[in-house]
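Heads up, the thing below is written out as structure tokens.
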Amino acid sequence: MQQLKLSARLIKSLPLSSLPSTPSSTLQQIASSHSKGIAKVVLKKGKTQLFKDGSPMVYSGAVDRIIGRPPPKTGDIVLVADGTEKPIGWGLYNSVSMFCVRIMQLEEEAMRDPSCALDMKKLLEIRTNAAMELRRRLGLPSSHTNAYRLVNSEGDRLSGLIVDVFGDLAVIASSAAWVENYKPEVEACINRIDGINHINWRPSVDILREEGMDVLDMKEVHPSTCPERIKVMENGISYAISLVGQKTGFYADQRENRQFISTISNGQKVLDICCYSGGFALNAAHGGAIDVTGVDTSMPALELARENIVLNNLDPGRISFLREDATQFMKGALSRNESWDIVILDPPKLAPSKKVLQSATGMYRNMNSLAMRLTKKGGLLMTCSCSGAMTQSGMFLRVLQGAASMAGRKISVLREAGAASDHPIDPSYPEGAYLSNILLRVS
């Protein structure tokens with residue numbers, strides 16, 4: 001955890017009303033009407049444009065000084081200003097996090113529509129409604145899909161908030177102090193959406209600890225009362241999902257990539273490495289694959305996968321799931337001279353941060369090299385990375401080229417894809433891009 005340390009000399013203990021006048025702005029005018037006054041976070045010279053362009057995360061190193069008395073506390077609304085103290089936007093302050101402000105609205109937006117300026121409750125309402133309208137335009141939910149992402153953090157202009165919908169249940173993943181502080185308002189917005197009858201609140205404990213939250217106290221105040229397991233449908237395929245499993249319980253970001261696998265699997269022998277609850281394997285079987293094998297180390301995930309075989313009335317003679325370490329399985333399969341027409345490799349996050357990117361690069365290269373050797377010549381390998389550090393580095397293709405060299409194979413890129421369309425990414429904040437999915441021809 002990085003503690004934000006702003007020395008006393010950087011904090012001007014002057015009431016805002018006594019500060020030198022700055023060029024008029026919509027946000028300044030609205031702030032001046034607040035009885036308690038609103039503190040102002042002033043950026044260093046040369047740091048303003050990044051945030052005016054839309055990046056929502058103001059890191060502590062970009063801050064020159066904070067104006068206001070008393071200084072703002074975590075959760076307070078603050079103005080964010082350029083070096084001349086003219087507001088460029090407003091956001092929510094955090095005295096502990098390495099990101100001291102999450103910008104929620106820019107000055108230009110407030111000028112066009114001041115109705116939610118400096119009003120977090122109103123802004124939540126507007127942004128969640130906009131997110132719901134976008135999903136409806138994308139055809140979600142539908143008669144064949146009722147599992148989708150409703151809010152995708154920065155992609156929906158609500159940094160730190162993720163909401164996945166599974167039937168009539170909304171799972172809210174909180175990874176920012178402001179989300180916890182506005183929990184009643186967040187729940188009220190989600191409860192107003194047609195078709196949602198239950199909410200499961202899932203705090204991201206490790207991240208919230210870095211945000212300065214008292215995690216133990218938070219858990220006691222917000223116990224979960226939702227069932228541990230539910231059933232959903234995606235592209236006509238039924239899934240049992242666990243609400244005590246990984247992330248929100250289901251990887252909806254791979255929906256379109258899973259469906260693509262179903263379109264190319266007819267008559268093929270398919271291997272799904274790191275299969276979790278069997279998403280790719282089930283789609284391959286549904287698409288007519290003659291033999292499907294899924295491999296994972298998690299017994300709870302494999303129990304879900306096997307339950308999913310029954311839910312979809314699939315022939316257990318054509319699809320099976322094995323509990324084994326991915327690398328050990330691939331080495332064993334090579335020793336038995338086994339090979340597959342289509343191999344899917346979707347490992348867990350191997351590079352959770354840039355600090356471990358170098359060591360993770362070796363793991364990605366080694367795993368992909370083994371997967372290429374298991375792919376029949378002329379066959380297809382769909383390889384994935386859900387590590388933000390790897391995706392954002394732009395190194396993934398180079399890693400795959402290195403893996404091909406190790407394997408003594410040649411590769412051709414047939415398709416590159418990211419997350420499903422209900423997982424929008426803010427281009428001004430590329431750190432929000434996590435999923436990279438590449439289809440290769442291996443020869």
Side-chain angles (χ1 to χ4, degrees), residues 1-4 56-57 59-60 73-76 91-102 120 124 149-156 158-166 169-187 189-190 198-230 241-253 274 276-277 297-301 304 347-356 360 386-389 423 429 431-432 434-435:
M1 178 176 70
Q2 179 178 341
Q3 181 80 19
L4 178 63
M57 311 292 271
Y59 50 96
S60 56
K73 303 185 298 294
T74 294
D76 283 356
L92 295 160
Y93 184 74
N94 191 314
S95 63
V96 175
S97 172
M98 64 184 291
F99 300 112
C100 61
V101 184
R102 291 180 190 249
M120 196 60 212
L124 260 171
R149 179 150 294 181
L150 172 62
V151 177
N152 194 45
S153 196
E154 291 84 15
D156 286 297
L158 290 169
S159 177
L161 174 64
I162 284 176
V163 183
D164 280 347
V165 175
F166 305 130
L169 168 71
V171 179
I172 299 174
S174 158
S175 61
W178 78 262
V179 181
E180 291 294 326
N181 292 337
Y182 282 87
K183 182 186 177 189
E185 290 82 0
V186 171
E187 289 186 331
C189 287
I190 303 304
H198 308 284
I199 287 178
N200 177 258
W201 192 275
R202 297 194 69 174
S204 301
V205 174
D206 292 340
I207 299 175
L208 288 169
R209 189 179 287 115
E210 294 182 359
E211 288 268 306
M213 299 297 295
D214 187 337
V215 176
L216 292 176
D217 181 60
M218 181 178 63
K219 278 188 170 181
E220 290 172 4
V221 174
H222 308 303
S224 174
T225 56
C226 290
E228 292 188 359
R229 188 173 292 195
I230 60 172
I241 65 175
S242 171
L243 296 180
V244 294
Q246 299 178 34
K247 300 290 182 72
T248 60
F250 188 68
Y251 295 100
D253 57 347
C274 304
Y276 190 52
S277 59
T297 57
S298 169
M299 184 54 72
L304 290 171
K349 187 182 291 186
L350 301 179
S353 69
K354 291 180 181 178
K355 292 179 182 178
V356 298
C386 64
S387 297
H423 290 62
Y429 186 68
E431 289 83 352
Y434 292 103
L435 183 66

Check your understanding: Looking at Val179, Ile190, Leu124, which hits side-chain contact (heavy atoms from CB on, under 4.5 Å) with Glu185?
Key -> Leu124
Practice item. Compare all side-chain heavy atoms of Ser153 with those of Leu158 and state whether any distance is below 4.5 angstrom. Key: no
**Study point:** Asn181 side chain near Leu92 side chain, heavy-atom distance below 4.5 Å
**Key:** no
Check your understanding: Quick one: does Asn94's side chain have a donor or acceptor within less than 3.5 Å of a partner on Ser97's backbone?
Key -> yes
Review point. Mind checking whether Phe166 and Thr248 have side chains closer than 4.5 Å, heavy atoms only?
Key: yes
Check your understanding: Strictly by modelled atom types, are Ser159 and Arg102 linked by a side-chain donor-acceptor pair under 3.5 Å?
Key -> yes
Practice item. Check whether any side-chain heavy atom of Ile172 sits under 4.5 Å from a side-chain heavy atom of Asn200, and report yes or no. Key: no
Revision key, fill the gap. Looking only at heavy atoms, the pair that brings Leu161 and Val151 closest together is O-CG1, 3.5 Å
Review point. Under the 3.5 angstrom rule, does the side chain of Ser175 hit a backbone N or O of Gly160 as a donor-acceptor pair?
Key: yes
Practice item. Report the distance from atom CD1 of Ile162 to atom CD of Glu154, rounding to the nearest 0.5 Å. Key: 8.0 Å
**Study point:** Close side-chain approach of Val96 and Glu211, heavy atoms under 4.5 Å
**Key:** no
Check your understanding: Hey, is CD on Glu187 packed in by over 12 heavy atoms from elsewhere, all under 6.0 Å?
Key -> yes
Practice item. To the nearest 0.5 angstrom, please state how far the CZ atom of Phe250 sits from the CG atom of Asp164. Key: 9.5 Å
**Study point:** Any side-chain heavy-atom pair of Leu435 and Tyr251 under 4.5 Å
**Key:** no
Check your understanding: Does the side chain of Lys73 reach to within under 4.5 Å of the side chain of Ser95, using non-hydrogen atoms?
Key -> no
Check your understanding: Taking C-beta and beyond as the side chain, do Ser174 and Leu208 meet within less than 4.5 Å on heavy atoms?
Key -> yes
